[in-house]
Amino acid sequence: MRIIFAGTPEAAVPTLRALLSSSHEVALVITRPPARRGRGKTMYPSPVAEVAAEAGVELLETTTLKTPESAQRIDDVKADLGVVVAYGGLVPPDVLAMPSRGWVNLHFSDLPRWRGAAPVQWAIREGDEATASCVFKLEEGLDTGDIYSRVAVPIGHESAGDLLTSMAEAGAHQVLGVVDALADDSAFAVAQAPEGVSHARRLEHIDGYVSFTHDATHEDRIIRSVTPNPGAYTVLPGGGRMKLGVATPVDRDDLAPGQLEVTKKQVTVGCASGALVLGQVAPAGKSWMDGAAWARGARPSDELRLGGEAED
């Protein structure tokens with residue numbers, strides 16, 4: 001089949017590569033325009049744009065598919081199917097109607113749970129023990145279409161970034177299976193359940209704040225849900241901020257919320273119940289380091305407490 005692919009971040013790359021290596025033809029790749037990254041704020045093309053350029057595929061970089069120019073470019077392709085993986089924009093009704101077999105979307109949640117922009121992050125944040133990747137028929141509603149394929153995925157102690165990476169790799173083969181089934185008319189879709197709908201808004205900086213005033217399991221989920229982006233942090237006495245990497249919950253209740261226990265090998269922080277052994281940390285203006293290395297340099301007093309007021 002002749003395919004249009006729409007995607008932007010690294011999570012979309014495995015599916016694009018799988019389609020490029022298949023018997024199908026990727027005739028057009030749609031992605032978001034170059035964006036600034038890093039401290040130097042240099043403009044970089046999206047990961048999907050880089051792969052499309054390597055493959056020599058026609059590329060459309062745009063923030064919206066609602067302009068007449070974008071719609072015309074897509075219509076000119078005369079595609080059989082559109083495939084979307086984390087493009088970052090809506091596909092308007094007129095464009096949805098252009099490929100003869102419509103559009104399919106790979107979504108990293110157990111639909112209808114966690115429709116929206118950050119499904120993996122919210123599944124971890126809310127303590128879901130499992131999730132799923134779904135390939136569904138794209139329609140005007142937000143992640144509401146009938147499901148062609150669902151693959152269950154257990155959730156362990158991964159960060160959101162690690163879980164998304166593994167789901168993106170597995171999801172590429174899942175998408176290819178659906179595309180092959182659509183090509184030979186063997187695909188079958190099932191309507192989403194009307195109950196159990198939840199929405200996963202994009203997480204913001206404030207969502208990464210760790211106060212240590214909840215139980216350790218809760219604070220652990222907060223950290224993992226925002227790793228690597230937008231990132232977890234806590235507040236030091238005096239208002240300084242310290243970034244937090246993935247920590248390890250431990251079953252002990254002899255430390256007050258935010259209280260530190262420092263040994264040569266680790267730093268343990270008390271929570272409302274339980275405690276967290278810090279992993280990598282990054283004080284303001286400094287690089288990432290092991291929690292014990294930070295404590296050796298900072299020499300926190302016995303009275304020091306992590307937490308305080310969150311920063312906007």
Side-chain angles (χ1 to χ4, degrees), residues 114 116-129 131 155-164 198-263 265-312:
W114 304 128
V120 172
Q121 292 90 329
W122 279 98
I124 290 174
R125 196 175 185 89
E126 292 299 305
D128 293 0
E129 295 183 355
T131 184
I155 298 177
H157 194 251
E158 309 99 320
S159 68
D162 288 342
L163 181 56
L164 180 58
S198 55
H199 293 276
R201 64 169 174 82
R202 191 176 306 279
L203 294 176
E204 301 176 358
H205 167 75
I206 192 66
D207 295 309
Y209 168 60
V210 179
S211 68
F212 298 102
T213 58
H214 304 89
D215 65 73
T217 300
H218 173 89
E219 303 288 18
D220 169 60
R221 295 200 308 260
I222 295 296
I223 294 171
R224 290 188 293 116
S225 74
V226 296
T227 301
N229 293 307
Y233 70 95
T234 192
V235 178
L236 298 167
R241 192 179 71 167
M242 184 165 70
K243 297 178 183 178
L244 301 173
V246 174
T248 303
V250 291
D251 185 16
R252 53 182 296 184
D253 290 312
D254 55 333
L255 295 171
Q259 182 181 2
L260 304 183
E261 178 189 79
V262 178
T263 67
K265 294 186 178 181
Q266 67 184 39
V267 176
T268 306
V269 187
C271 299
S273 64
L276 290 179
V277 176
L278 297 184
Q280 294 285 301
V281 302
K286 295 186 179 181
S287 301
W288 287 97
M289 64 187 77
D290 185 81
W294 163 73
R296 285 194 295 271
R299 296 183 179 181
S301 68
D302 292 340
E303 290 74 33
L304 183 142
R305 298 289 185 271
L306 297 182
E309 293 298 322
E311 299 176 351
D312 294 330

Side chains of R125 and V226, heavy atoms from C-beta outward: is any pair under 4.5 Å?
yes
Check for a donor-acceptor pair, side chain of T234 on one end and backbone N or O of M242 on the other, with a separation under 3.5 Å.
no
Within the 4.5 Å heavy-atom criterion, are T268 and R252 side-chain neighbours or not?
yes
CZ (R221) and NE2 (H214) are apart, to the nearest 0.5 Å, by 10.5 Å
When you compare the side chain of W114 with that of E126, does any pair of heavy atoms fall below 4.5 Å?
yes
Return yes when atom CG of D251 has more than 12 non-hydrogen atoms of other residues, nucleotides or ligands closer than 6.0 Å, and no otherwise.
no
Do M289 and V281 have side chains that get closer than 4.5 Å, going by heavy atoms?
yes
In chain order, what residues pass the side chain to side chain contact (heavy atoms under 4.5 Å, CB included) check against I124, with sequence neighbours excluded?
V120, I155, A160, L163, R224, S225
Quick one: OG1 on T248 to CD on Q266, what's the gap to the nearest 0.5 Å?
8.5 Å
What is the minimum heavy-atom distance between P283 and W294, and which atoms define it?
CG-CD1, 3.4 Å
Mind checking the CD1-CG spacing from I222 to D207? Nearest 0.5 Å is all I need.
7.5 Å
Would you compute the distance between atom CG of L164 and atom CD of Q121 and round it to the nearest 0.5 angstrom?
7.0 Å
Between L255 and V269, is any pair of side-chain heavy atoms under 4.5 Å apart?
no
With a 4.5 Å cut-off on side-chain heavy atoms, are H199 and W122 touching?
no
Taking every non-hydrogen atom, the tightest pair across R202 and A117
NH2-CB, 3.7 Å
With heavy-atom distances below 4.5 Å as the criterion, would you say the side chains of H157 and P249 are in contact?
yes
Kindly indicate whether the side chain of Q280, heavy atoms from C-beta on, has any atom under 4.5 Å from the side chain of T227.
no
Among V210, I223, I206, L244, which residue meets the side chain to side chain contact (heavy atoms under 4.5 Å, CB included) test with Y233?
I206
Measuring from L276:CG to D220:CG, what's the distance to the nearest 0.5 Å?
6.0 Å
